[in-house]
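As a basis for the values below, the full set of heavy atoms in this structure was taken, side chains included, without hydrogen atoms, waters or symmetry mates. A, B, ... follow the sequence lines: proteins, then strands. Residue 1 opens every chain. Keep in mind it's a predicted model, so treat the numbers as computed, not measured.
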Amino acid sequence: MSSFDDSDAFEAAARPSLSARAMAARPATYLDGLNPAQREAVETLNGPVLMLAGAGTGKTKALTARIAHLLTTGTARPNEILAVTFTNKAAREMKTRVGTLLGEAVEGLPWLGTFHSICVKLLRRHAELVGINGVTGPNGASDAVIETATGPTTHLKSNFTILDTDDQIRLLKQLIVAAGIDEKRWPARQLAGVIDGWKNRAWTPDAVPEAEANAFDRRGVELYAAYQQRLVTLNAVDFGDLLLHTVSIFQNHDDVLDQYRRWFRYILVDEYQDTNVAQYLWLRLLAGGHHNICCVGDDDQSIYGWRGAEVGNILRFEKDFPGAHVVRLEQNYRSTEHILAAASGVIAGNKGRLGKTLWTAAKGGEKVRLIGHWDGEEEARWIGDEIEAMQTGTRGMDPKTLNQMAILVRASHQMRAFEDRFLTIGLPYRVIGGPRFYERLEIRDAMAYFRLAVSLDDDLAFERIVNTPKRGLGDKAQQKIQMAARQNGVSLYEGARILLEAKGLTGKGAKELARLCDGLQRWHAITLTGSRSHIELAEIVLDESGYTEHWQNDKTPEAPGRLENLKELVKALENFDNLQGFLEHVSLIMDNESEDAEAKVSIMTLHAAKGLEFPAVFLPGWEDGLFPSQRSMDESGLKGLEEERRLAYVGITRAEEVCTISFAANRRVYGQWQSQLPSRFVDELPEDHVTVLTPPGLYGGGYGAAAPQADTFEERVAKADVYNSPGWKRMQSRGANYQTRQPSEAKNIVIDAEAVSAFAQGDRVFHQKFGYGIVMGIEGDKLDIEFDKAGSKKVVARFLVAAAQADDVPF
DNA sequence: TTGTATCTACTTTTT
DNA sequence: GTAGATACAA
C-alpha cells in the first residue's frame, strides 16, 4: 500500500511502464460490449465531452473504457490523466476496473482520486503560496531542501494538518467565546455551516459579497476572517480550504496554473452534477488550455445541493465549453421494467430537467412493492422478517443472499430501529457510512499524541490530550496553561513548561503535567534522531502516555473494540516510512471499508447509496416530513422538494429486481410518538407498476387500521423508564467532545404496578430495548422474564421486573 | 477536579 | 432518545 508515496508523481512521467504495457493490450477487451453511445463517449478523445448518463446505464464502464482508450492509443500517459471522483470508493473502483481492462497494470494513474485527495497533493506542494506552511526552506518554498538533524538533507513538503468537522467546530467555539459573542445566538455548528457554504462558493473572507455578509450580521464574516487567521497560525486547513486554497493558487499564480495545464492533458470528472462552485472553477481553470475535459453526470441524480453543488454546472456545460460533444446514455441495464417505470414516474414530477428517456430491453419482473405499517418498529420487524424469508425465496421470487439486499434510509437516525431489530433476531447487517475509522474518539486521541510527538507546537493536539487520560488538569489548570502560552507568545507545550517553571501549578496536576511534558519531549527527540522505528515510537507513546492503560481500565462495552482500533492504527503505520508521512495521509486512507466475508444486509443512507446497486432494496420511512424531509422543504422550498424527489429517484433506481417502499402511520420523533402521513412521493408512483402488500401486523391491519387500545401491557412495558431503574447505570465523561451514557447489563426493569398485574405466566411480551420475551413467573409484584438474547435466537437472558412505586414512574 | 443528576435543544444528507 | 450544558455533591 505504498502507493500513497507523495513523491513527485510528475517526475514519473518519464517512465511509460503502464502505457507501454497497455499498448500491448488488445483494444477489443475494453471496447467489447459497449453500445454505440458508450462507444462514442469513449472514442471522442479530444475536446469537451459531456456524457449524460442515466441511472444504471453503464457510465462507470464507459468512463473506465475511456481511460483505457487514452492509455492504449498512447494519447496520454498515466500521469497526464486527471480523473476526479467524489468518493474514495468510486476512485478505488475505477482504478481496479482500469486495471482489469488493461491486465494487471494498476500502478500509475497517480491523479485518479477525489477532489479532496488531489487537492491535498497539490496543496502540499504549494501551501506557502497561501501562507500556510510549517516547514519553510531558504526561499520560503515548501519543497525546499532543508538541513535537519537526521542527515545532510531531507526533502520536505508542507506539513499542514487537516482539520475535520469536530476540530473545526471546537476552534470556532473558541473564537466565538473570545469575541465575546453569545454562543446561543451564534452556535459554532451553524457558523461552521455558513463558512463552509462560503468556501464552497470559493469566497475568501474579503470576497464574501455584501448582501451575503449583511445577512449574517457582518459578524459572520469577521469570525470567518478570524478563523482563517487562526488556521494559518495553527498551520492547518479544513476540508473547504483544500479546494479554496487550490483555486486561489490557480487564480493568482499563472505560472503554477500553466504548469498543471501542461501536465494534466486529459481531465475526466465523474458525477459532474455534484460539483460545487469551487470545484467548477477549479476544473474550468485546469481545462482552460486544451478543453480536453470529459464530464459525466446525471442531472436527475443531483442530491448534494445542500453541500453547494450546482446542477447549473451540468446544464451550462455546453456554454462553458463551446463545441462540446454531448452523448446521452439512456439504455438501462440494471433494473426491471417496473422499477425503471416507477422511478421515471416519480422523477417526472420535477421541472427543469435536461430530460432523458431511460429504457430497458428487459421485460417483466417484480412490480415495485408498497406497504404501510402501524409504526416504525413494526416496519423494522416486517422488513427483518421479509429479509429472512427472501433468503430462502418468498412470494415466488428467487432466493437472495444477504449481500444482495440493502435498506436505504433518508436520515441516519432511522437506522437504529433496524439495528435494534436485527440484533434481536440475530440478522447480520453492516452499516455503511457510519463514523469513519479516523473519526473515532480513540483514533483521534492517538493521532493527537502522534502529532504532538512530531511537532511540539501543535496546540490543537495538545488541547485534546492534556487531560486524556485524566491527569487532574481541569478547566482551571488548562486556562493557566493557555495564559502562560499567550503571555509569552509560545505554544501550549512551551506555555506548560513555563508555568511549571514558575510553580504556577501544584500538587497532582503539576506532577502529571511535568510527566506529560517530559514524555512529549522524549518522544519528539525520537522522531528527530530516529533511534526507534516509527512503529515502536507509536507504541511507546501510547503506553507511556497512559492512553492504552486508560482504555484497559475502562469497563464500558466499547473499550475492547477501542483497543482493537488502536492496534489497527499502529498496524497501519507499517505502510509508511515515518510518522510524518502517516499523518499526512491517514485521513485519506483509513477508510473503514473492511471487506468482510460474512454475508450481511447493508443499511445506509440514500446519499451513501449513490452509485451502488442491489438485487433487493428496501426504502422505509416514506412519510411526509421525513421523506421528503421537512427541513429541506422549509429551507429550500420547491428546490428542496425537487432534490428530495431526485433522492427518491436515486433510491428506486438502486434496485435491480425487487424494490420495496414502506411507510408507517406512527413514528417516534425525539422520543415522542407522532402520527405520520404517507409521503407525497408514494402517490406519485405510477399505479400500473406497483403492488400493494398487506402487513400481517400485530394490530392486524397496518396503515389505516384502527388504533390499538392504548396501554396494552406491551406498551406499558415499552414505556418503562429503563434508565432510571435499579441495575441501570449511567455513565458520562466530561470533556469537550464526548459524553456518553451507557446502561450496564440490566437486572431490573421498572414498570408501573398496575402493569405488573396485567401479566400472566407464559405471556409473550415485547420490550423496546430487549425485544421479545416470555413471562416465566410472577412473585408478588415481580415478574421473571426471559428475553430473547440479542445476536442469537436462543433465549438466554433472564430479567427480574420489579414494580415501581407509584411516583417512580412518570406516566 | 471529577462524578452524577437534570435540563434543554435538537436529527437531513458528506468530502 | 440523545448529547451537551449546567449545577452541585463528593
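- The pair A:Glu643-A:Lys639 does not meet the salt-bridge criterion, since no charged nitrogen lies less than 4.0 angstrom from a carboxylate oxygen.
- Between the CG atom of A:Leu619 and the P atom of B:dT13 there is a distance of 17 Å, given to the nearest Å.
- Place A:Glu643 and A:Leu473 on DNA chain B by their nearest nucleotides, and A:Leu473 ends up nearer the 5' end.
- Atom-to-atom, CD of A:Glu271 to P of B:dT15 comes out at 12 Å; the value is rounded to the nearest Å.
- Contact annotation: A:Ser117 side-chain N/O to B:dT15 OP1/OP2 distance is not under 4.0 Å.
- Checking C:dA5, B:dT2, C:dG1 against every side-chain atom of A:Arg668, the shortest atom distance belongs to C:dG1.
- Where A:Ala608 and A:Gly472 meet DNA chain B, the nucleotide closest to each residue was compared, and A:Gly472 sits on the side nearer the 5' end.
- Taking every side-chain heavy atom of A:Phe239 into account, B:dT15 is the closest of B:dT15, B:dT14, C:dG1.
- Among C:dT2, B:dT15, B:dT13, the nucleotide with an atom closest to any side-chain atom of A:Arg307 is B:dT15.
- For B:dT2, the OP1/OP2 oxygens have no side-chain nitrogen or oxygen of A:Lys476 closer than 4.0 Å.
- The side-chain hydrogen bond (donor to acceptor under 3.5 Å, both in side chains) test applied to A:Gln190 returns no partner, not counting sequence neighbours.
- The separation between A:Asp475 atom CG and B:dT1 atom P is 7 Å, rounded to whole Å.
- The interatomic distance linking A:Ile169 (CD1) with B:dC10 (C1') rounds to 14 Å, in whole Å.
- In this structure, A:Lys511 atom NZ and B:dT1 atom P are separated by 17 Å, rounded to whole Å.
- Dashed line: the shortest gap from a side-chain N or O of A:Asn467 to OP1 or OP2 of B:dT2 is under 4.0 Å.
- Each of B:dT14, B:dG3, C:dT2 was ranked by its minimum atom distance to the side chain of A:Lys470; first place goes to B:dG3.
- In this structure, OG1 in A:Thr605 is found 9.5 Å from CD1 in A:Ile432, a value given to the nearest 0.5 Å.
- The distance from atom CZ of A:Arg189 to atom P of B:dA9 is 16 Å, rounded to the nearest whole Å.
- Across all strands shown, A:Ser632 has heavy atoms under 4.0 Å from base atoms, whether or not it also approaches the sugar-phosphate.
- Counting non-hydrogen atoms under 4.0 angstrom, A:Phe627 reaches nothing in the nucleic acid.
- With its ring centre under 5.5 Å from that of the base six-membered ring and a plane angle below 30°, A:Trp306 counts as stacked on B:dT13.
- Nucleotides C:dG4 and B:dT13 place their C1' atoms 23 Å apart, quoted to the nearest Å.
- As judged by a 4.0 angstrom heavy-atom cut-off over every strand, A:Glu635 is placed among the base-contacting residues.
- A:Asp167 pairs by the salt bridge (charged side-chain N to carboxylate O under 4.0 Å, His left out) definition with A:Arg170, A:Arg444, not counting sequence neighbours.
- Set against C:dA5, B:dT13, B:dT15, the side chain of A:Thr114 has B:dT15 as its closest nucleotide.
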Under the side-chain contact (heavy atoms from CB on, under 4.5 Å) criterion, do A:Phe250 and A:Thr246 qualify, and how do the steps go?
CA-CA 6 Å; A:Phe250 288 161; A:Thr246 319; 4.0 Å; yes

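- With its ring centre under 5.5 Å from that of the base six-membered ring and a plane angle below 30°, A:Tyr670 counts as stacked on B:dC10.
- In this structure, A:His116 places its NE2 atom 9 Å from C1' of B:dT14, rounding to the nearest Å.
- For the pair A:Ile303 CD1 and B:dT14 C1', the computed distance is 10 Å after rounding to whole Å.
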* To do: For A:Phe627 and A:Phe681, run ring pair (Phe, Tyr, Trp, His ring centres under 6.0 Å): C-alpha distance rounded to whole Å, both residues' side-chain angles, the deciding distance at 0.1 Å, then the answer.
  => CA-CA 8 Å; A:Phe627 188 42; A:Phe681 300 150; 5.4 Å; yes

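- When the side-chain nitrogen and oxygen atoms of A:Ser412 are compared with OP1 and OP2 of B:dT13, one or more of them lie within a distance under 4.0 Å.
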